[in-house]
Amino acid sequence: MSIMVKPFIIGTRNSGDYLHGGAKVLREGGSALDAIEAATRLVEMNPNDTSVGLGGIPNILGVQEMDASMMCGKTMAAGTVGALKGFIHPISVARKVLDHAPHVILVGEGAELFARVMNCEEGDLSTDMSRKVYDTFVRDAFDHDEIDESQQWVVNYAKSQNLREWYDRLADEHHGTVNIMAMDENGDIASAVSTSGTALKFPGRLGDSPIIGAGNYCDNRYGAAACTGRGELAIRNSTARTIIHYMEDGLSVKEAAFRAMKDIHELKSFGGMNCIAMDAKGNTISATTNPDRESVYYYMDVDMKESEKRIGITVSE
Ligand code: GLY
């Protein structure tokens, strides 16, 4: 089979220093799935990224709950985990779901049981920084004697607040997530997403990252798309799948990403959304609804020594 496009990998702004891990896999003839898993694992180990893996800011109870997903464009197999606690590499648990589970999504205790059965690496993802952010939040929000084992304080807190206003404030300050996608020497594509979700989220909250079609979608015939930002918006619009659908209807990858970000504005909801996307020919783009922020993503092909910063499009209302 002739190689139409040089194998490459792209990722969100927090992945630039880590794409080399995936490019190495591609250079050695590995699959797009293996490449995106390798690169995402490196991002998950960055303790300074407070939105992914090690050092992710915990939920309102001080517990880190991770969401991750992988999708294979060749087979359209997918594996995702949600609200996963105590595993070092959520993306690799998602990969195990993709490869071995009869299901697509596993959450909470079930996901943890599955990860244990699959011998995924267990461990503590908290850091001094993530503990400090949580402790500061608790100190500012509660009287010390309110906090007890019964977790009644969280219930009291929820009752005393307008929860949506509270969440809007949080989501504006604390968001992140990594998206990585690649095309290998066979022209196969795959996409990965990993996140600790919105900082100080309500326990059990799933974002868009583990929802196939919302935060992640991949189809060899058309391309791949993945999202960062306020997950609730991408869930409501099925943003990743919609970008692919727009390409299927004949739009370019840039036009498709633009239109999907316009759709987010149509929700007239608080919070921003960002995406990265590629088509089946290897054209790539990123887009954001945030007018105050450049849309940055990183690109690296197998001949490059380091990743290249690229600027996508900012989509205003
Ligand atoms: N986009 C990540 C999240 O909302 O959890």
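Owing to the predicted nature of the structure, the values given are computational and were not obtained by experimental measurement. Atoms within each ligand, like the ligands themselves, are counted from 1 in listed order.
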Just by distance, with hydrogens left out, do [X] and [Y] show a side-chain donor and acceptor under 3.5 Å apart?
X	Y	answer
Asp263	Asn237	no
Arg41	Ser92	yes
Ser126	Arg131	yes

A quick test of your reading: do over 12 heavy atoms of other residues, nucleotides or ligands sit less than 6.0 Å from CE of Met76?
yes
How about Glu308: does its CD atom have over 12 heavy atoms from other parts shown lying under 6.0 Å from it?
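Counting other residues, nucleotides and ligands, CD of Glu308 exceeds 12 neighbours.
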With the threshold set at under 4.0 angstrom, would you say Gly215 reaches ligand 1 through any of its heavy atoms?
no
Non-hydrogen atom of Asp67 closer than 4.0 Å to ligand 1:
no
Enumerated ligand 1 atoms positioned under 4.0 Å from heavy atoms of [X]:
X	value
Ser209	2 (C)
Gly207	5 (O)
Gly229	1 (N), 2 (C), 3 (C), 4 (O)
Asp208	1 (N), 2 (C), 3 (C), 4 (O)
Gly197	5 (O)
Thr177	1 (N), 2 (C)

Measure Ala234 to ligand 1 on non-hydrogen atoms and call it side chain, backbone, both or neither using the 4.0 Å cut-off.
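It is neither part, as no heavy atom is under 4.0 Å.
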Side chain, backbone, both or neither: the part of Lys201 lying under 4.0 Å from ligand 1 by heavy atom
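Neither part.
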Find the distance between CG (Leu267) and NZ (Lys262) and round it off to the nearest 0.5 Å.
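Interatomic distance, Leu267 CG to Lys262 NZ, rounded to 0.5 Å: 13.5 Å.
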Spatial distance of atom CG (Asp188) from atom OG (Ser31) [nearest 0.5 Å]:
8.5 Å
Look only at interatomic distance and state if Gly231 has a nitrogen or oxygen under 3.5 Å from any nitrogen or oxygen of ligand 1.
yes
Look only at interatomic distance and state if Arg205 has a nitrogen or oxygen under 3.5 Å from any nitrogen or oxygen of ligand 1.
yes
Atom of Ser307, atom of Leu19 and distance for their closest heavy-atom approach:
CB-CD1, 4.1 Å
